[in-house]
Amino acid sequence: MASDEAAKLKAFVGSIIILWLTKREILFRTHSSTDLTVRSVGSMVTLAGWVHRRRDHGGLIFIDLRDRDGLVQVVFDPRVSAEGHGAAATLRNEYVIQVWGQIGRRPAGTENPRLHTGEIELIGQGCRILNASRTPPFYINEDVEVEEALRLKYRYLDLRRQRMKENVILRHQTVKCLRDFLNARGFLEIETPILIKSTPEGARDFLVPSRLHGGKFYALPQSPQQMKQLLMVAGLERYYQMARCFRDEDLRADRQPEFTQLDLEMSFVGQEDVLGLMEDMFICLAETVKPSMKLLKPIPRLTYDEAVARYGTDKPDVRFGMELRDLTGIVAGSNFGVFRNAIRGGGKVRGICASGCGSYTRGQLDDLIELTKGYGAKGLVALALMAGPVGLAVDPASSAAAKFIGLEEVRAMAALFGAREGDLLLIVADQATVVDRALDQLRREMGRRLGLIDPSVLAVVFVVDFPLFEWNEEEKRWDAKHHPFTAPKEEHIHLLDSAPGSVKSWAYDVVCNGYEISSGSIRIHQRELQEKIFGLLGYSRERVQTLFGHLLEALEYGAPPHGGIAPGIDRMVMILAGEENIREVIPFPKNQSGYDLLFDAPSDVSVEQLDELHIVAKKEG
RNA sequence: GGCCCCGUGGUGUAGCGGUCUAACAUGCCACCCUGUCACGGUGGAGAUCGGGGGUUCAAAUCCCCCCGGGGUCGCCA
């Protein structure tokens, strides 16, 4: 009988209540703050948490009690409990306390609509300090900017703050959503080792000395790339893991030496299968964890060439336009030395049009010029468009170059941009890669300045058809653009020897709001082709055998066609959280110099430890 | 390694050659206050202005070096 069970349950709950009324140290709390609603009014509860804020009215004392889930107001009235009131008077911020009493509806007119529990309060009968707290080094209960070094040193306090707590929770929800999504599609979550073999291509490896094999080292994985391919050879068909990756390179706002990728790999798939899966996954993710943000769907595709031509980069922020235009043809016969020389040197002249910026002051223009120079360009030609006697003309005040630019050229440029009077053309002339990099950064800056960026938009775009190789000028050789296991497009394989630079690959990126958030490819699954690629990359036969012999051998045992991708968790969560720094979504990050300010790592170790590892440390300096 | 920015009570800022015996907000401490919710009121303590050197009659303020932090270029297959 249902009513019987209800009665039993009631009796059981009653006995629990008696237990905690007498032995509160056994049962710390009966509810969390979010358990409490108007329906709780009248019930006796015990709560535990931190003193978020204390408002002492002399007579009444209000305590905002914070636990992980939220805040609830506790009111201590000496007429209810003199003892409780007395104890409450000694409380300070961040004390950990246990409070008990009855849940009451707040008096009419004193409800707080900004609080989830704003209609009720705990009428405090007693209060026990579980642990006092020193005055924190910065505010826990207010969202004010604090020097990041201090936040990192006291990260355990920083994480108590609402913003960080929300980010940690968002990260959990993101990871859970991704796991749920992939589990439902037949993926197996498989762990791979952290101690692996160093293959000194790409990023620098973190090395781990071996005690058992003196003088030898493990490396930490830059990604589980080869292992996931071997899992495909193993016939597991669909794999993923939340993989920690390590790269010993300099840090940036979006780069930490260790980071997390949703590493995944699939057998019997082509590019469209992987991208289709990603499209579903990103839509599912956005709708699940950030329904307030707008993800543009279907997710558009850009070829690498198209992305570079229109935005100057393979990771464009497509939340706004202001696309690049190539002016090389228009100014091919220019008298302007800067343009002429660039073109003669095999370079390009490209630009963007900043609408309505024709009235920029000298100072503002100089600012943009400096910015451009900072990205390697020799300069920036800024042409403000104004009404001339016959149609558009350049405001001579905007640029010393104005007098060298013919009216015909100006009008052709304006037409290409669709520019009007009052607009500002920003033009860079140099080698194509320099021009593109400078204009990409300039475009981002102008997008920010002009408020063209809608922060609630998730502009995800797939970039496809990456080149297989990239010329390394320093080493005078071809490097893999993605990684050496990437499959070339079948129709380009015949170009491998004759024109390696024009070989396109089955590599693809996922870009969101100007950040590369995933990178993947269809892999080579045949030994011959893989060996050929290694050869083109300049690896000797011996080196290939030493570094990749195991993989090549595996490809000979019925390796299925396979491919995958690895979305970067930190960057994705950063974007979803509306943060501009990856550290805001990592509980315990390193600072810009790779130092852990909380643990003081890296640190010295004892001579004994080094001895065991067969290592002699050189003294710095 | 290069370039740019920052460093002032616990926190966040102002001050940018003399009026600084360093200001403001908040926090902290004490007292007052029975419906607040960033409670309010009164009073108080708290800073050798990141460190060192220099210029000057005079430096938080100008210059140099160092340290710490952030951003970025290189680097990140």
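Chain A is the first sequence line, chain B the second, and so forth, proteins listed ahead of strands; every chain is numbered from 1.
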If you look at every strand shown and take non-hydrogen atoms under 4.0 Å, does [X] touch a base, only sugar-phosphate, or nothing?
X      : answer
A:L150 : sugar-phosphate
A:Q73  : base
A:R114 : sugar-phosphate
A:S223 : base
A:E147 : sugar-phosphate
A:E111 : base
A:R92  : sugar-phosphate
A:P137 : sugar-phosphate
A:R151 : nothing
A:E516 : nothing

Report task. Please indicate yes or no: is the ring centre of A:H57 less than 5.5 Å from the centre of the six-membered base ring of B:C33, with the two planes inclined by under 30 degrees? Result -> no
Report task. Report yes or no: is the ring centroid of A:F62 under 5.5 Å from the six-membered base ring centroid of B:U36, with the two planes under 30 degrees? Result ->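 Whether judged by distance or by angle, A:F62 passes, so it stacks on the base of B:U36.
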For the residue pair [Y] / [X], report whether a side-chain donor-acceptor contact shorter than 3.5 Å exists.
X      : Y      : answer
A:R160 : A:H52  : no
A:R66  : A:Q162 : no
A:D436 : A:Y311 : no
A:Q261 : A:S223 : no
A:Q229 : A:Q225 : yes
A:Q256 : A:D570 : no

Query raised in the report: Rounded to the nearest Å, what distance is computed from the NZ atom of residue A:K373 to the C1' atom of nucleotide B:G2?
Result: 16 Å
**Report entry** Whole angstrom value for the distance that separates C1' of B:U36 from CG of A:L115
**Finding:** 12 Å
May I ask you to verify whether the side chain of [X] and the base of [N] hold a donor-acceptor pair under 3.5 Å?
X      : N     : answer
A:R255 : B:C75 : yes
A:N591 : B:G70 : no
A:E580 : B:G71 : no

Expressed as a whole number of Å, how far does the [atom1] atom of [N] sit from that of [M]?
N     : M     : atom1 : answer
B:C49 : B:G40 : C1'   : 33 Å
B:U13 : B:C6  : C1'   : 13 Å
B:C63 : B:U56 : P     : 16 Å
B:A47 : B:A22 : C1'   : 8 Å
B:U21 : B:U61 : P     : 14 Å
B:U11 : B:C20 : P     : 25 Å

Query raised in the report: Does A:N581 or A:H483 map to a spot on RNA chain B nearer the 5' end, using the closest nucleotide for each?
Result: A:N581
Requested in this report: Report the residue (A:R79 or A:R54) whose heavy-atom-nearest nucleotide on RNA chain B is the more 5′ of the two.
Outcome: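 Closest to the 5' end, via its nearest nucleotide, is A:R79.
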